[in-house]
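Below, chain A is the first sequence line, B the second, and so on; all start at residue 1.
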There are 2 protein chains.
Amino acid sequence: MLKLSTKGQYGVRAMFEIARGYPEHPVAIREIAERQDVSVAYLEQILNTLRKAGLITSVRGPGGGYLLSRSPREISIGEILRGLDGPVALTACQDPLAGCVRADGCVTSLLWKALGEKIEGFLDQMTLHDLLAGKKFGSERAVGA
Amino acid sequence: MLKLSTKGQYGVRAMFEIARGYPEHPVAIREIAERQDVSVAYLEQILNTLRKAGLITSVRGPGGGYLLSRSPREISIGEILRGLDGPVALTACQDPLAGCVRADGCVTSLLWKALGEKIEGFLDQMTLHDLLAGKKFGSERAVGA
DNA sequence: TAATACCTTACTAAATTTGTCAAGTATTTT
DNA sequence: AAAATACTTGACAAATTTAGTAAGGTATTA
Ligand code: FES
Ligand code: FES
């Protein structure tokens with residue numbers, strides 16, 4: 001239930017490697033591939049998407065690679081995942097586009113909305129800096145409604 | 001990103017209808033299908049799974065239908081979704097079975113674990129009773145790490 | 001000009017999801 | 001007993017999504 005795509009997972013891990021070169025040292029795709037055990041071809045696709053999303057910039061030619069567009073503190077995990085897999089959309093009805101026909105009468109509408117916002121809140125507060133710092137992510141408090 | 005299967009969505013809505021008959025009145029599959037706009041054939045599959053998971057019981061013959069096995073306060077949304085789609089498993093590595101090979105060195109391991117626990121905590125605290133009562137689900141507080 | 005390294009598009013095999021269909025079993029009512 | 005109601009089970013398939021691969025192109029530097 002609620003799987004995260006490998007694209008999203010690899011994307012976050014790739015961003016972590018790029019963050020290690022911040023602010024000056026470009027990180028080559030090949031280096032990321034080796035350190036994170038992901039194929040170069042797949043990473044190309046992923047990094048291209050992230051570049052178009054404005055999260056990284058690229059430097060061509062020998063010695064080139066990828067650089068963060070902003071500081072690790074200013075790039076959240078949520079942004080990375082949204083860039084690759086779109087926004088959290090637990091149900092079709094929650095999708096920014098075309099709300100559900102039954103939206104009014106639907107008993108679960110508010111439930112999914114609340115969960116979706118909770119998840120986005122978590123992902124948006126978590127940044128690359130937290131990953132770099134090896135932050136301990138509190139997971140004990142299961143805050144209810 | 002992070003879609004919920006229609007099976008899970010329909011399952012929760014079906015359980016809501018069944019809960020309305022609690023504790024004595026069995027709810028026929030056909031009634032659920034009509035009220036929630038889901039095909040009878042698909043619901044059969046879903047309710048069968050939920051019955052095997054022990055969440056509902058069935059009564060055959062005319063006047064029959066489905067009944068909750070326990071009170072609405074004692075059946076959480078998490079149980080329903082787990083019964084239909086298995087546990088929350090954001091990544092292959094988080095799956096109860098076979099932890100990832102890189103688990104030690106993986107920078108995101110703790111992050112996904114924390115998010116997964118947060119989601120499960122939310123789903124496990126939410127019960128059918130809350131749905132019946134039209135509870136307002138707090139979604140404002142995005143609790144960080 | 002050779003080497004490095006990013007850029008882009010197209011494509012496809014596998015897995016998953018989302019159902020449908022058909023035939024069967026149990027129970028109650030008449 | 002017979003008919004009607006309603007759950008039970010297993011097989012199957014179309015549609016979608018995921019998870020990549022492949023191939024060729026472009027820009028930069030030494
Ligand atoms: S069916 Fe659309 S909000 Fe529930
Ligand atoms: S790759 Fe397995 S925990 Fe990250």
Under 4.0 Å from any atom of DNA chain D, heavy atoms only: list the residues of residues 20-33 of chain A that qualify, in numerical order.
none
Reported CZ-to-CD distance for the pair A/Arg30 and A/Glu34, which is rounded to 0.5 angstrom:
6.0 Å
Taking A/Ser69's backbone N and O only, do any of them form a donor-acceptor pair with A/Thr57's side chain (distance below 3.5 Å, no angle check)?
no
When rounded to the nearest 0.5 angstrom, what distance separates CZ in A/Phe16 from CD1 in A/Ile80?
11.5 Å
May I ask you to decide if B/Thr127's main-chain N or O and B/Asp130's side chain share a donor-acceptor pair within less than 3.5 Å?
yes
Distance check needed: D/dA6 C1' versus B/Arg51 CZ, whole Å only.
13 Å
Would a distance-only check, ignoring hydrogens and angles, find a side-chain to backbone donor-acceptor pair under 3.5 Å from B/Ser58 to B/Tyr66?
no
Taking only Lys NZ, Arg NE, NH1 and NH2, and the carboxylate oxygens of Asp or Glu, determine whether B/Glu17 and B/Arg13 approach each other closer than 4.0 Å.
no
Is a side-chain donor or acceptor of A/Gln94 paired with a backbone partner of A/Trp112 at a separation under 3.5 angstrom?
no
Send over the distance from B/Leu43 CG to D/dT9 C1', rounded to a whole Å.
16 Å
Could you give the CD1-to-C1' distance, from B/Ile46 to D/dT9, as a whole number of Å?
15 Å
Between protein and nucleotides 17-30 of chain D, map the contacts as a letter string: B base, S sugar-phosphate only, - none, heavy atoms under 4.0 Å, written 5' to 3'.
--BBB----BSBS-
Nt span of DNA chain C in reach of chain B heavy atoms at under 4.0 Å, 5' end first, is C/dT18 to C/dT28
Should the pair A/Glu79-A/Arg82 be classified as a salt bridge under the 4.0 Å nitrogen-to-oxygen rule?
no
In this structure, which one of A/Leu50, A/Val12, A/Leu55 forms a side-chain contact (heavy atoms from CB on, under 4.5 Å) with A/Leu84?
A/Leu50
Do side-chain atoms of B/Thr108 reach the backbone of B/Leu111 as a donor and acceptor pair under 3.5 angstrom?
no
First encountered from the 5' end of DNA chain D, between B/Gly64 and B/Lys52:
B/Gly64
